[in-house]
> 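Before anything else, here's the structure in question.
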Amino acid sequence: MRLNRREGYEGTGPGAITPDGCAVELYSRLPIGDEPDIIATAVPAGAHILELGSGVGRMTHPLLDRGFTVTAVDESAEMLERVRGTRTICSPIEALDLGETFDVVMLASFLVHAGDEEVRRGMLRTCAGHVAHGGCVLIQREGADYHADVPRERVDPSGFTIRIVSSEPVGDGVNSVHAEYEFPDANWTQTFLARPLSREQFEEALGEAELRVDRYLTEDGVWVRAVKNPAG
């Protein structure tokens, strides 16, 4: 299924560009950080994880290597072509209804900050609807200064540069963020919409989906373990 570009999202550079402006070739090059370790300490060994927005499998593959079972979901078939060794499902997250539940549902890549509030609500409903009784939802939030510390850049030890060039308000509490990725042999850009959420706003958004914070997994509050409300 070929999906149209999401309004307010675009990308440039070699290779396929997904509906939200991500470049498949770029994400195939980006290294993974300590996220798999954070996840592994927050969930039971061998858990079955529903990974929403898996992309090319940057986290999928390390989690599989750690003995987890992963079902990888992404709206881009080109992204999922890069995922190996596990079940993949091509679908927008907010439209997903598998009729099954999982020990862990994971929503990473700051997707909870989707500019469109209805998309965010749909994503969180998907999380709540697919987590098993006694299971958890792992969510990655933006850092506190994500939109304030701009422009900024980071040179990765492997030799490429990531720049957040701008984050400009476009109305209704939403910012348009422009990022650049510079490699020795290729360059990519991505422009996307993001809705900054304070901790209180984030927890309120969870509550709309009958979820609540169990604990913040990192000191900066970026990684969160959420569970269903008792009545949820």
> Which heavy-atom pair separates A16 from E78 by the least distance, and what is that distance?
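Minimum heavy-atom contact is CB-CG, 3.9 Å.
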> Can the positive tip of R199 be found less than 6.0 Å from the middle of the six-membered ring of Y216, inside 45° of the ring normal?
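Pair R199/Y216 counts as cation-pi.
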> Can you name the side-chain contact (heavy atoms from CB on, under 4.5 Å) partners of V227, sequence neighbours left out?
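So V227 forms a side-chain contact (heavy atoms from CB on, under 4.5 Å) with C136, R212, D214, R225.
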> Is any side-chain N of the basic residue among R58 and E51 closer than 4.0 Å to the acidic one's carboxylate O?
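No, R58 and E51 are not salt-bridged.
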> Any chance you could measure S176, atom OG, to L193, atom CG, to the nearest 0.5 Å?
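Separation between the atoms: 5.5 Å.
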> Is it true that R84 and H61 share a donor-acceptor pair across their side chains at a distance under 3.5 Å?
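Yes, a side-chain donor-acceptor pair sits under 3.5 Å.
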> Short question: side chain of K228, backbone of A128 - any donor-acceptor pair under 3.5 Å?
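At least one qualifying donor-acceptor pair exists.
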> Rounded to the nearest 0.5 Å, how far apart are CG of N175 and CG of D172?
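So the CG of N175 and the CG of D172 are separated by 11.0 Å.
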> Using 30° and 60° as the class limits, which term best fits the ring planes of F102 and H48: parallel, tilted or perpendicular?
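Because their plane-to-plane angle is over 60°, the rings of F102 and H48 count as perpendicular.
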> Can we say R121 and E208 salt-bridge, meaning some charged N sits less than 4.0 Å from an Asp/Glu carboxylate O?
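Judged by the 4.0 Å cut-off on N to carboxylate O distance, R121 and E208 do form a salt bridge.
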> Just do the salt bridge (Lys or Arg N to Asp or Glu O under 4.0 Å) check on E182 and R163 with the steps written out, would you?
CA-CA 8 Å; E182 183 178 300; R163 297 186 185 92; 3.2 Å; yes
> Which atom names give the shortest non-hydrogen contact between V165 and P151, and what distance separates them?
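Of all heavy-atom pairs spanning V165 and P151, the closest is O-CB, 3.5 Å.
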> Is there a path from V56 to L52 through hydrophobic residues (I, L, V, M, F, W, Y) whose side chains come within less than 4.5 Å of each other?
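Shared cluster, no.
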> With rounding to the nearest 0.5 angstrom, report the OH to OG distance, Y146 to S167.
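Result: 7.5 Å between the selected atoms.
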> What do you reckon, is CD of E7 surrounded by more than 12 foreign heavy atoms closer than 6.0 Å?
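No.
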> Could you check whether any side-chain N or O of T218 sits under 3.5 Å from a backbone N or O of W223, counting only pairs where one atom can act as donor and the other as acceptor?
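Yes; judged by distance alone, with no hydrogens or angles, the pair exists.
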> Can you get from L107 to L211 by hopping between Ile, Leu, Val, Met, Phe, Trp and Tyr side chains that sit under 4.5 Å apart?
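As far as the 4.5 Å side-chain criterion goes, L211 and L107 are connected within one cluster.
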> Decide whether F110 and V112 are clustered together by the hydrophobic rule: side chain heavy atoms of Ile, Leu, Val, Met, Phe, Trp, Tyr closer than 4.5 Å, transitively.
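Per the 4.5 Å side-chain linkage, F110 and V112 are not co-clustered.
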> Could you tell me whether R195 and E142 make a salt bridge, using a distance below 4.0 angstrom between a side-chain N and a carboxylate O?
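A salt bridge is absent here (no side-chain N lies under 4.0 Å from a carboxylate O).
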> If you take all heavy atoms of L80 and A72, which pair is closest and at what distance?
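Closest heavy-atom pair between L80 and A72: CD2-O, 4.1 Å.
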> Establish, from distance only, whether the side-chain atoms of S76 and D74 form a donor-acceptor pair under 3.5 Å.
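Not at all, the side chains of S76 and D74 share no donor-acceptor pair under 3.5 Å.
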> Could you give me the CA-CA distance, side-chain angles and deciding distance for R120 and E204, then say whether salt bridge (Lys or Arg N to Asp or Glu O under 4.0 Å) is met?
CA-CA 12 Å; R120 182 197 70 210; E204 182 180 344; over 6 Å; no
> Look up atom CD in E180 and atom OG1 in T189, then write down how far apart they are to the nearest 0.5 Å.
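Here the rounded value is 7.0 Å.
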> Charged N to carboxylate O below 4.0 Å: is that the case for R29 and D185?
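Yes, R29 and D185 are salt-bridged.
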> Hey, what do you get for OG1 (T60) to CD1 (I49), rounding to the nearest 0.5 Å?
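Those atoms lie 9.5 Å apart.
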> Minimum heavy-atom separation for I32 to P62, with atom names?
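For I32 and P62, the tightest heavy-atom pair comes out as CG2-CG, 4.2 Å.
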> Are M106 and L217 linked, directly or through intermediate hydrophobic residues, by side-chain heavy-atom contacts shorter than 4.5 Å (ILVMFWY only)?
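Same cluster.
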> For residues S54 and V83, report the shortest heavy-atom separation together with the two atoms involved.
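What the structure gives for the nearest pair is OG-CG2, 4.4 Å.
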> Membership question, hydrophobic clusters at under 4.5 Å side-chain separation (ILVMFWY): are V213 and I38 in the same one?
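Shared cluster, no.
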> Between R5 and D20, does any side-chain N to carboxylate O distance fall below 4.0 Å?
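Salt bridge absent between R5 and D20.
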> Quickly, which of V70, V131, V43 forms a side chain to side chain contact (heavy atoms under 4.5 Å, CB included) with V104? Name it, please.
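It is V43, the one option of V70, V131, V43 that forms the side chain to side chain contact (heavy atoms under 4.5 Å, CB included) with V104.
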> Decide salt bridge (Lys or Arg N to Asp or Glu O under 4.0 Å) for E35 and R66; before the verdict, give the C-alpha distance in whole Å, the side-chain angles of both, and the deciding distance to 0.1 Å.
CA-CA 12 Å; E35 290 93 342; R66 284 165 170 77; over 6 Å; no
> Which value, rounded to the nearest 0.5 Å, describes the distance between T12 atom OG1 and N187 atom CG?
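It comes to 8.5 Å.
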> Can you find a side-chain donor-acceptor pair between T191 and H178 that sits under 3.5 Å?
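Side-chain D/A pair, T191 to H178: present.
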> Locate the shortest heavy-atom distance separating G115 from V174; write the atom from each residue and the value.
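Where G115 meets V174 most closely, the heavy atoms are O-CG2, 3.5 Å.
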